Amino acid sequence: MNKKTIVSLLVLALVAVACAAETTEEAVEEVVVEKTTLETVTDRGFLKCGVSGSAVAFSETQADGSVTGIDADYCYAVAAAVFGDYSKVEFTALTAAERFTALSAGEVDLLIRNTTWTQSRDTDLGNDFGPTTYYDGQQLMGRNSDGLSGSSTLADIDGLRVCTNAGTTTEKNITEGAGLVGATIELVTVEAFPEAMEKFKAGECDLVTTDGSGLVGNRAKEDKMNDWAIFPATPISKEPLGPVYRSNDSQWADIVNWTVYATFIADEYGVTRANVDSFDYEANPEMGRLTGKNDGELQTSMGLSADAYYNVIKQVGNYDEIYSKNLNPVGLYREGSANALWTDGGLIYAPPAR
Amino acid sequence: MQDNQTLESPPEIQFAGVSRWLKENLFSSLSSSILTVLSVAAVVSVFRSIIGFFISPEREWTAVTYNLQLYMVQAYPESDFIRVWITVGLLIFLLGLSWGFNSLKEKVLIKEWCDGLLKGISSFLFIVLIAPTNVDVEGTSVQVFNNNTRYICIALGIGLILAIYLLRKTYPKTEIIKDRISFLYISLLVGSIWIIKVPTVTFTANNERVDPDPFLPLANTTTIPWTIIFGFMIFGYLIGSFLKTKGKNSISRLILSSWVLAPLVIVSWIYRKPDFGMSNILTLDLPIAVGFSVLGILAIRTLNNKKIVPYQKYVTYGMLVLTVVIFFLPVLRQLKILFFITWLLVSVAPTIANSKESAKNLSIVWSVSVFILILLMRGASSDSLIVVPGSSIYGGFTLTWLIAFFGIAISFPFGVILALGRTSKLPVIRIICTAVIELVRSVPFITWLFFGSVMLTLFLPKGVEFDEVLRAIVVTAIFSSAYLAENVRGGLQSINNGQFEAADAVGLSTLQRITLIIMPQALRAVIPPIVSQVISLFKDTSLVAIVGLFDLLYIGSKVIPNQSQGANFLGTIQENILFCAIFYWLFTYSFARRSMKIEKRLGLGER
């Protein structure tokens, strides 16, 4: 070896050492300490929320790419509680199949994807469910011309063809329900619900079944309020939909739960986006505590700012506002349903804020 | 004299010929006449119902027009649309450049062109003639096609036919450059976006949707950029044509490398809007770039020193060890990549740069590539300033294109390497390549996508995150390269052993034998299956919806039919699916046409 080789090898070695010695951003990244969800979210600067992105009234993607719907609004609400700015959300569109894996792998901090709360999902999958934000239930839709009406029961569907999407609990529920009353049905399964709807419109099936919210929306869209009937009045399944988060992080669970409860309580006392500033908090100490106007200790002890829930109501609204904005346009109203306030005979109920 | 004429051109088919043709081909006997009438009736009725389906008042085509932005770029913010236009403009400019450079300036007789036009206009007339006046909407008949419109269209069609016939008669022997015809069509298309009126969703002052949707001209934000981009295309074409007259090999290489570079520049700098920080570039990137280019030049010079030649091997091995060590050290990712390519340089430099001239060239190429690479990596590793509600800035058509383009671009070299590996004489390489190909091929694409999207995160250490889109691209590329490898292997097998022996006899090295003798022949033989592969990959991109990415088809089939807010397009599934189908067809069909032209140019299937 001559001098030049030695020199060039030396240069190489020097560069290598210099590079190795340099502490870089990546080096810091590799030391990951187990952080709480709240820390992860605040460090990142925005909330990662898992939604469907294509579920009517729950999380729709609009023409400009924005996400709307009741699920999306609760994502905005949690962001408003954590950051004081509802817009600090990044939505991740998740399919039904991958939603729970995405949550447990930490790809999303919160999953609000019209997910039904069931025992197995709550216990087996390492997830916990927050308070239900929408009580749904499976129903059937048929034509009045076939002698069906809103007061029909499952016994009336004997011998009819039913369209539904395959591989969901919907399919199981209708088979079990029809079996219980001794009705024989012909099940036509398709890949997704819009196709079931097309088949129903084309007359390839007599009935179509899915969650009541979906049926009402489609009936309103087709302008068939007087031609198509939705029944039975009491749904054949219970589908409580709400937020889902990872187990074993009670601080994050509290934040999400109380964000939902805050919208319920504000609805109960009639605090809206419009009057949240002018509301008389002296006269209502519970709202005063919740919004941090009188005393915000309850919020600060869970790691949020005192006015966290004030921001939720100011920027997103109370439960009634969220519900009406998203679900009224598709023909779903609160009156008389399980989604009315407990004072009106519904199931929307929050523990007291004290 | 007469003999001369017959030699020049075959006798022209006269109008009398038409009736003879009809008689010979369609009405030669009673049975064939019946068959002809029946099939014409069937075709007409099928076309009638298809046209009726399209123009029925039940179709809500505004669901497509109102959501075009969602279809193209999903949630990309409107304030940064200039970046999208720059992307499109750059690509179309390059398209024009390559077109101008590669064009053979083929000519076509005006007469032949007119014949083609006549066919097109006759089809248009046929559609106008058979279009249904009324369609059945839920039991009631609704008029959808005004008879006056029909007459106007027919008159227009006949007028055009006469004009073309006249043109045909006047210039029987004049030729026209094919490219000019293409430009005429494109400019007609661009001109039409200025005058065309499309059904548009509009809202009244109190936010109610106007019904029925009025027909309005396209917004300036669409027409002006497209017109400017058309200008870019012409500009590119002219530059390309000019460069062609220079006829240098290096220009062709330059155009090719700009095609490689452009997508990388787009994804790292243009589309992402990186938050790069000038200080990072000045204090970190510049010194690294200078350091590595000096290092590379030094290596090229020393390795060709006659005294060093015996030690070349050790330098290469040393560099390899260093690269591996660096890979596992906690240093900047940029450095890991740079060390890797330095190792590549050290291993190829002795063979490539064996003369002073080529050493100089290699040094220039090396320095330029190092600088470009560092800038690209800076753009790609900086945070994006584009804020979108979804997790990815790529969505819709952009995503479809991105996955298809990079999937193909990455899978091509990998496929070739895998194919060569599988046919290699070294058992280790052969077994590894065979195993990879068989493993990848025998598991469904959707399963791989799931693996990349859902399961990969569980295997990776916590905190290591890959972009969802990147994962989809990598999975697509790996999957496609396994299939491509088998296609290429088919081509390799078609090559006569004599070719290998001849290459050896001439004294070519293995690398030279593969790149100069074997590959050009093998790839030429497998163009049809490769094009099939490209088309199928382009369509397979729609499967990424399974992992929650919003590609073109997912937006059409799931997202828009579920919009209840604003304009309310609930249940508009047919319109959107049809739009997607037409969109996919346009692209895949043009790939197919393009490949047919390439095959023709290479004389494939003729020898």
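Bear in mind that the values here come from a model prediction, so they are computed numbers and not experimental data. Only heavy atoms go into these numbers, but all of them, side chains included; no hydrogens, no water, no symmetry mates. Residue numbers begin at 1 in each chain, while the letters A, B, ... track the order of the sequences.
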Closest heavy-atom pair, Gln62(A) versus Leu70(B), reported as atoms and distance to 0.1 Å, is O-CD1, 3.3 Å
So, the part of Ser87(A) with a heavy atom under 4.5 Å from chain B: the answer is neither
- So does Phe46(A) have more than 12 non-hydrogen atoms from other groups sitting under 6.0 Å from CZ? yes
When the 4.5 angstrom heavy-atom criterion is applied to Tyr554(B) and chain A, the contacting part is side chain
In this structure, CG of Asp64(A) is separated from OH of Tyr66(B) (nearest 0.5 Å) by 7.5 Å
Greatest number of non-hydrogen atom pairs under 4.5 angstrom with chain A, of Val388(B), Val547(B), Val387(B), falls to Val547(B)
Discussion item. Would you say that more than 12 heavy atoms from the other residues, nucleotides or ligands in this model lie under 6.0 Å from the OH of Tyr86(A), or not?
Written reply: no
Any donor-acceptor N/O pair, Gln565(B) side chain to Lys325(A) backbone, under 3.5 Å: yes
For Phe53(B), I'd like to know if atom CZ has over 12 heavy atoms of other residues, nucleotides or ligands within 6.0 Å. yes
d(Phe91(A) CZ, Ser392(B) OG) to nearest 0.5 Å is 15.5 Å
Of Asn326(A), Val89(A), Leu94(A), the largest count of non-hydrogen pairs under 4.5 angstrom with chain B goes to Asn326(A)
- Kindly check if the number of other-residue, nucleotide or ligand heavy atoms within 6.0 Å of NZ (Lys201(A)) is above 12? yes
Greatest number of non-hydrogen atom pairs under 4.5 angstrom with chain B, of Glu198(A), Met197(A), Arg99(A), falls to Glu198(A)
Of the listed Gly396(B), Gly548(B), Ala567(B), the one with the largest count of heavy-atom pairs under 4.5 Å with chain A is Gly548(B)
Is Gln69(B) reaching over with its side chain to a backbone N or O of Ala63(A), donor-acceptor style, under 3.5 angstrom? no
Rounded to the nearest 0.5 angstrom, the CZ-OG distance for Phe550(B) and Ser54(A) is 5.5 Å
Considering residues, nucleotides and ligands other than Asn248(A), do more than 12 of their heavy atoms fall under 6.0 Å from its CG? no
To the nearest 0.5 Å, atom NZ of Lys558(B) lies from atom OG1 of Thr61(A) at 13.0 Å
Test item: Glu90(A) and Pro389(B) side chains (from C-beta on) under 4.5 Å apart, heavy atoms:
no
So CD1 of Ile573(B) and CZ of Phe193(A): to nearest 0.5 Å the spacing works out to 11.0 Å
So, the part of Ile555(B) with a heavy atom under 4.5 Å from chain A: the answer is neither
- Item | Close side-chain approach of Leu570(B) and Val330(A), heavy atoms under 4.5 Å | yes
I'd like to know whether OH of Tyr333(A) has more than 12 heavy-atom contacts from other residues, nucleotides or ligands below 6.0 angstrom.
yes
The interface call for Ala545(B) against chain A, heavy-atom contacts under 4.5 Å, is backbone
Notebook entry, point to check: Between Glu468(B) and Lys48(A), is a salt bridge (Lys or Arg N to Asp or Glu O under 4.0 Å) present by the stated rule, with each step listed?
Noted result: CA-CA 14 Å; Glu468(B) 188 87 18; Lys48(A) 278 189 173 179; over 6 Å; no
Honestly, the part of Glu58(B) sitting under 4.5 Å from a heavy atom of chain A is neither
